[in-house]
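Single-structure report; data block below.
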Amino acid sequence: MGEHETQLRVAIAHAVDELAAPLDAFVPARLSGDDYLVLVREIESLGRVVDALRLRVAADAAGRSGGPIDTFGELGHKTAEDGLAKMTGVSVVTAKARIRVGAALTPTISLSGSVIAPAHRHIAAAVAAGSLGVEAAGLLIRELDSVAGRVSADVLDEAERGLVLLAAGEDTHPPLRVDLVRGQAALFIARIDPDGARPKEERARKRRKLHFGRETPDGLIPLTGYLMGEVGAGLKRLIDAHLRSPSFTDPDADPTADPTADPDAAFRDPSDIRDIDQKRHDIFASIINAAARMAGAPELGGAAPAVIVTVTAADLDDPNGVGFIDGLNTPVPVATIERLIDTGGFQLETFGANGRILSLSSVQRCFNATQRRAITGRDGGCIIPDCSIPAGWCEVHHVIPYRDGGVTHTDNGVLLCWGHHQNIDTGPWRITMPNSIPHVRGPGHHEWTHVTKARTRPPLPATG
């Protein structure tokens, strides 16, 4: 071991010893505001120096596995990533990232013994000085390497220098957050790339995918993939627009509560206990159901796409009965089956005890297209107050359940979005149809209130 390496080990041991006692007694809540901010910056500087050391050590890991010097192989590790991950207690993904970024920022030794400068010298200098974090460094390396084969070395070097100044900051401007660095770096690279943004879009097209995973024991379907930018942005804006539609203020809420404590308080229904991701799911479900009902939707087996729901006649009459959705292994309760039948996108198949087919979804059980158009004209959208889901995305719900003698008639059907249809029997909202007009009662609406979102006529006053 050389002199510099020995000094480094001594410095590390000394730093660990020096920090152990103060760290054990450190209570951040005791700090003043100014002291807290100063300490955050100082600790971040220390962490960046440690990260720079981690990258340099990791950079040499690839050369110590499977070659003449098989340091990791002698310990039984198959790869450098595997060995580094097990030695440091990090994930293999983190180990790979350290090796990749470290290799771009660490000097190497040639066969003659001379030192070879790192591939990205400006980024390496900023990381070693503690002025640039590992996350930002990795991002800049990826962007620069993506155009390395199409841009001259001089232009690439100047671009790297400019991006480091932008990300790390200088006397005239503070450093940028990594999420801002990402956007600026992409713009910078697109400017120097002779092909512009086209190569990146072509790579994105090749990577686009939508994958349905294996059903979980609870009957959930994992969904993963990559959407093209315009597709993902369009879907996100569509869902976010309905997430942030204005909602009513609960008159029973605490009048002393600070309305500025939650920036989205004005857009949140206090009776809605769903978290943000559950709301996104429910809006997405409404979009899917609407797409399946479109007149131009592709057919399957000569008919509009419909999901088959199978259930025995005995289970259908049993409140605790179960049925099955075609393609899923997990049984679903009868209440769910009743709701699915209402939508018209599902076809009910009932069996006798011996397995004989007894019926295949009577047309009287589901609201037909003409009835749906009439109900849409009357309701104009989901009838739950301040729900923004439009009529085209809604399902038609039997106010008096079909199993209880409710008829499939416009006087007994109302529009509900997927999310509200899910819990209308157990949630805070109740529906009644006096004079064949929808009325609701629930949070903020303690009297039966007529509701409609049709533009042709205003809601009637509360009926008491």
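Quick caveat, the model's predicted, so the values are computed rather than measured.
- Partner of Glu395 under the side-chain hydrogen bond (donor to acceptor under 3.5 Å, both in side chains) criterion, chosen from His420, His421, Arg372: His421.
- Side-chain contact between Arg142 and Arg100 is present, with at least one heavy-atom pair separated by less than 4.5 Å.
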>> The test is side chain to side chain contact (heavy atoms under 4.5 Å, CB included); show your working for Leu235 and Phe284 and say whether it passes.
In response: CA-CA 9 Å; Leu235 179 61; Phe284 191 40; 4.1 Å; yes
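- Atoms CG and CZ, from Leu39 and Phe26 in turn, are 4.5 Å apart once rounded to the nearest 0.5 Å.
- Looking at every heavy atom in both residues, Leu105 comes nearest to Ala137 through CD1-CB, 4.4 Å.
- Closest approach of Ala95 and Val90 over heavy atoms only: N-CG2, 4.1 Å.
- Judged by distance alone, the side chain of Glu81 and the main-chain N or O of Lys96 form no donor-acceptor pair under 3.5 Å.
- Donor-acceptor pairing under 3.5 Å is lacking for the side chains of Asp82 and Thr79.
- In this structure, Asp179 does not pair ionically with Arg182, as no charged nitrogen and carboxylate oxygen lie closer than 4.0 Å.
- When Leu416, Ile375, Ile389 are each tested for a side chain to side chain contact (heavy atoms under 4.5 Å, CB included) with Cys394, only one passes: Ile389.
- Annotation for His450 and Thr452: closest pair CE1-CG2, 3.7 Å, computed over non-hydrogen atoms.
- Distance check: Arg205 CZ to Arg207 CZ gives 15.0 Å after rounding to the nearest 0.5 Å.
- The residue from Asp51, Leu163, Val181, Ile123 that alone fulfils the side chain to side chain contact (heavy atoms under 4.5 Å, CB included) condition with Leu132 is Ile123.
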>> One pair to check against side chain to side chain contact (heavy atoms under 4.5 Å, CB included): Val414 and Val440. What are the steps and the verdict?
In response: CA-CA 11 Å; Val414 295; Val440 300; over 6 Å; no
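- The minimum heavy-atom distance linking Cys417 with Ser286 is given by the pair CB-OG, 4.1 Å.
- The CZ atom of Phe72 lies 6.0 Å from the CE atom of Met87; values are rounded to the nearest 0.5 Å.
- Here the closest non-hydrogen pair linking Ala159 and Leu144 is CB-CD2, 4.3 Å.
- Of the possible polar contacts, one joining the Gln278 side chain to the Asp275 backbone as a donor-acceptor pair under 3.5 Å is found.
- Atom CH2 in Trp393 sits 8.0 Å away from atom OG in Ser388 (nearest 0.5 Å).
- Counted within 6.0 Å of OH on Tyr36, heavy atoms from surrounding residues, nucleotides or ligands total 12 or fewer; the atom is thus considered open.
- Other residues, nucleotides and ligands contribute at most 12 non-hydrogen atoms within 6.0 Å of the CZ atom of Arg191.
- Checking side-chain atoms of Thr330 against main-chain N and O of Asp218 turns up no donor-acceptor pair under 3.5 Å.
- Nearest heavy-atom pair, Trp448 versus Arg430, reported as atom, atom and distance to 0.1 Å: CZ3-O, 3.3 Å.
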> Step by step, would you call Thr432 with Arg441 a side chain to side chain contact (heavy atoms under 4.5 Å, CB included)?
Replying inline: CA-CA 9 Å; Thr432 188; Arg441 187 168 67 184; over 6 Å; no
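- Within a 6.0 Å radius of CG in Asp34, other residues, nucleotides and ligands contribute 12 heavy atoms or fewer.
- Separating the CD1 atom in Ile424 from the CD1 atom in Ile383 is a distance of 7.0 Å, to the nearest 0.5 Å.
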>> For a salt bridge (Lys or Arg N to Asp or Glu O under 4.0 Å) check, start with the C-alpha distance between Arg280 and Asp277, then their side-chain angles and the critical distance, and finish with the verdict.
In response: CA-CA 5 Å; Arg280 289 193 181 105; Asp277 289 331; 2.8 Å; yes
> Which is it for Glu44 and Arg41 under the salt bridge (Lys or Arg N to Asp or Glu O under 4.0 Å) test, yes or no, and what are the steps along the way?
Replying inline: CA-CA 5 Å; Glu44 182 62 21; Arg41 297 188 184 97; over 6 Å; no
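- A 4.5 Å side-chain heavy-atom check between Ile189 and Ile192 finds at least one atom pair inside the cut-off.
- Two residues are said to be in side-chain contact when any heavy atoms from C-beta on lie closer than 4.5 Å; Asp145 and His120 meet this criterion.
- Contact check for Phe212 versus Leu223: side-chain heavy atoms found under the 4.5 Å cut-off.
- Taking the side chain as every heavy atom from C-beta outward, His122 and Leu165 never approach each other to under 4.5 Å.
- A distance of 14.0 Å separates CD1 in Ile99 from CZ in Arg54, rounded to the nearest 0.5 Å.
- Within a 6.0 Å sphere centred on CE of Met228, other residues, nucleotides and ligands contribute more than 12 heavy atoms.
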>> One pair to check against side chain to side chain contact (heavy atoms under 4.5 Å, CB included): Glu3 and Thr6. What are the steps and the verdict?
In response: CA-CA 5 Å; Glu3 178 182 353; Thr6 300; 5.8 Å; no
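- The main-chain N or O of Gly102 is found under 3.5 Å from a side-chain atom of Thr106 such that the two form a donor-acceptor pair.
- Put simply, the side chain of Thr88 does not reach to within 4.5 Å of the side chain of Thr94, judged on heavy atoms.
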